[in-house]
Engineer: 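Structure in structure tokens, see below.
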Amino acid sequence: MLTTVKTEWKNQGFIDEPFEGNNEALKAAIRKLCDEKKAIILAHYYTVGEIQEVADFIGDSLALARKAANTDAKIIVMCGVHFMAETCKLLSPEKMVLCPDLNAGCSLADSCKAEDLKKFKDEHPGYQVVSYVNTTAAVKALTDVVVTSGNAKKVVDQLPEDANIIFGPDYNLGNYINEVTGRKMLLWNGGCHVHERFSPAAIMKLKAEYPKAVVMAHLECKGPVLAMADVKGSTADMLKYAQSHGGQQFIVATEAGILHELQRTCPDCEFIPVPPEITESGLECSCNECQYMKMNTLLKIYNTLKYEWPTVDVDPAIAQDAVKPIQRMLELS
Ligand code: 13P
Ligand code: SF4
């Protein structure tokens with residue numbers, strides 16, 4: 001007879017079955033599974049260093065989308081966050097897409113619900129929708145063209161000059177794109193909880209300590225932070241800049257995972273991460289890390305490959321509309 005029903009239990013979203021062996025053995029076992037199953041591991045720069053080391057390809061959102069569209073692997077393991085895995089599935093629907101931990105969401109994607117965007121669109125007939133790639137497939141299905149931090153200016157510049165545009169969900173990115181393109185896009189009021197934490201005061205303090213350092217900031221940072229930055233862009237833009245300006249010091253305002261690839265590819269440079277500060281709104285967090293990106297672990301990658309679970313699938317009715325604005329982005333950038 002059943003005596004207890006654990007009603008609060010829900011799908012855990014990952015498998016953390018223990019592995020017998022050290023990290024090097026685990027990495028070797030992951031590579032072996034990739035070979036046996038014709039799988040490819042894609043990882044974002046914000047994942048932990050050991051994942052970047054075991055991956056077949058690391059990149060920013062744009063490069064990861066391009067890679068997902070072109071790979072001939074049978075299985076894609078997307079080590080990033082859920083919308084990145086969805087983008088892989090939309091671009092390669094015939095492939096199995098695995099996500100090591102389904103709980104790896106994104107505060108920015110969460111800041112725009114499809115039903116809210118639909119309502120806003122209905123209130124603004126005739127407007128085109130430009131959405132940041134950090135959105136759900138359902139939001140992309142309501143979108144005319146997707147952008148990333150790496151191509152937003154280039155894509156928006158190609159839209160008709162008299163177009164009325166809704167841009168979402170990242171307010172800071174949209175505000176910056178309005179500034180550099182002269183557009184007057186209507187901005188969704190969404191944000192990333194990691195990038196919103198960087199404050200101008202923290203950068204001022206570091207600039208006083210490192211007066212010669214170049215300040216780099218991700219376009220998801222607030223306007224006053226971007227105004228202090230010498231280099232503004234996507235994670236790949238920051239890497240590219242540092243790689244072509246050897247021997248310098250850089251103050252880095254983005255998620256700390258990027259330091260692994262910065263340091264690896266620019267050993268003669270010094271990178272100083274901007275410490276986040278507790279915001280006026282009282283958000284208490286003592287790290288400049290995205291906890292969603294950090295949900296990816298070597299053990300979860302091993303288990304997702306071993307058991308081919310959890311997969312990321314998109315409702316075909318949504319997928320047929322959601323893929324179009326991503327393909328349009330790839331054509332325009
Ligand atoms: P990038 O496209 O610059 O890698 O940014 C992705 C992201 O999630 C930033 O928070
Ligand atoms: Fe989303 Fe922010 Fe994490 Fe990027 S850093 S994945 S925008 S929550």
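Atoms within a ligand are numbered from 1 in the order they appear, just like the ligands themselves. The first residue of the sequence shown is numbered 1, and numbering continues consecutively from there.
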Engineer: Could you check whether Y132 and S149, counting side-chain N and O atoms only, form a donor-acceptor pair closer than 3.5 Å?
Structural biologist: yes
Engineer: What do you reckon, does H44 have a nitrogen or oxygen under 3.5 Å from a nitrogen or oxygen of ligand 1?
Structural biologist: yes
Engineer: For atom 8 (S) of ligand 2, find the nearest protein heavy atom and state the residue, atom name and distance (0.1 Å precision).
Structural biologist: S107 OG, 3.4 Å
Engineer: Which ligand 1 atoms, with their elements, are less than 4.0 angstrom from a heavy-atom of D60?
Structural biologist: 1 (P), 2 (O), 4 (O)
Engineer: If we only count N/O pairs under 3.5 Å, is N134 in contact with ligand 1?
Structural biologist: yes
Engineer: Taking only heavy atoms of H195, which atoms of ligand 1 are found under 4.0 Å from at least one of them?
Structural biologist: 10 (O)
Engineer: Can H193 and S107 be counted as having a side-chain donor-acceptor contact under 3.5 angstrom?
Structural biologist: yes
Engineer: Looking at K240, I want to see if its NZ is surrounded by more than 12 non-hydrogen atoms of other residues, nucleotides or ligands under 6.0 Å.
Structural biologist: no
Engineer: Decide whether the shortest distance between a heavy atom of E255 and an atom of ligand 2 is less than 4.0 Å.
Structural biologist: no
Engineer: Indicate whether any N or O donor in one side chain lies under 3.5 Å from an N or O acceptor in the other, for N164 and Q128.
Structural biologist: no
Engineer: If only side-chain N and O atoms count, and only distance matters, is there a donor-acceptor pair under 3.5 Å linking D101 with N103?
Structural biologist: yes
Engineer: Would you say S61 and ligand 1 have an N/O pair spaced under 3.5 Å apart?
Structural biologist: yes
Engineer: Taking both backbone and side chain into account, is any N, O or S atom of C106 nearer than 2.8 Å to atom 1 (Fe) of ligand 2?
Structural biologist: yes
Engineer: Starting from atom 7 (C) of ligand 1, what is the nearest protein heavy atom, named by residue and atom, and what distance separates them?
Structural biologist: E220 OE2, 3.7 Å
Engineer: Using a 3.5 Å cut-off on N or O atoms only, is H218 in polar contact with ligand 1?
Structural biologist: yes
Engineer: Which residue supplies the protein heavy atom nearest to atom 3 (Fe) of ligand 2, what is that atom called, and how far is it?
Structural biologist: C290 SG, 2.4 Å
Engineer: I'd like to check which ligand 1 atoms, numbered from 1 as shown, lie under 4.0 Å from a non-hydrogen atom of T235.
Structural biologist: 1 (P), 3 (O), 4 (O)
Engineer: With a cut-off of 4.0 Å, which atoms of ligand 1 are near a heavy atom of S234?
Structural biologist: 3 (O)
Engineer: Relative to each other, are the rings of F120 and W188 parallel, tilted or perpendicular (30° and 60° limits)?
Structural biologist: perpendicular
Engineer: Can you list the steps and then say if E261 with R264 is a salt bridge (charged side-chain N to carboxylate O under 4.0 Å, His left out)?
Structural biologist: CA-CA 5 Å; E261 187 62 1; R264 189 186 76 80; 2.9 Å; yes
Engineer: Short list, please: which atoms of ligand 2 are under 4.0 Å from a heavy atom of H193?
Structural biologist: 8 (S)
Engineer: Flag C192 as yes if one of its N/O/S atoms falls below 2.8 Å of atom 2 (Fe) of ligand 2, otherwise no.
Structural biologist: yes
Engineer: Does ligand 1 have a heavy atom under 4.0 Å from the side chain of Y46, from its backbone, from both, or from neither?
Structural biologist: side chain
Engineer: Looking only at heavy atoms, what is the nearest atom pair of M78 and C88, with distance?
Structural biologist: SD-SG, 3.7 Å
Engineer: For the side-chain contact (heavy atoms from CB on, under 4.5 Å) test, which of I58, D60, T148 pairs with T235?
Structural biologist: D60
Engineer: List the steps, then state whether salt bridge (charged side-chain N to carboxylate O under 4.0 Å, His left out) holds for K89 with D313.
Structural biologist: CA-CA 7 Å; K89 187 67 187 178; D313 297 287; 3.7 Å; yes
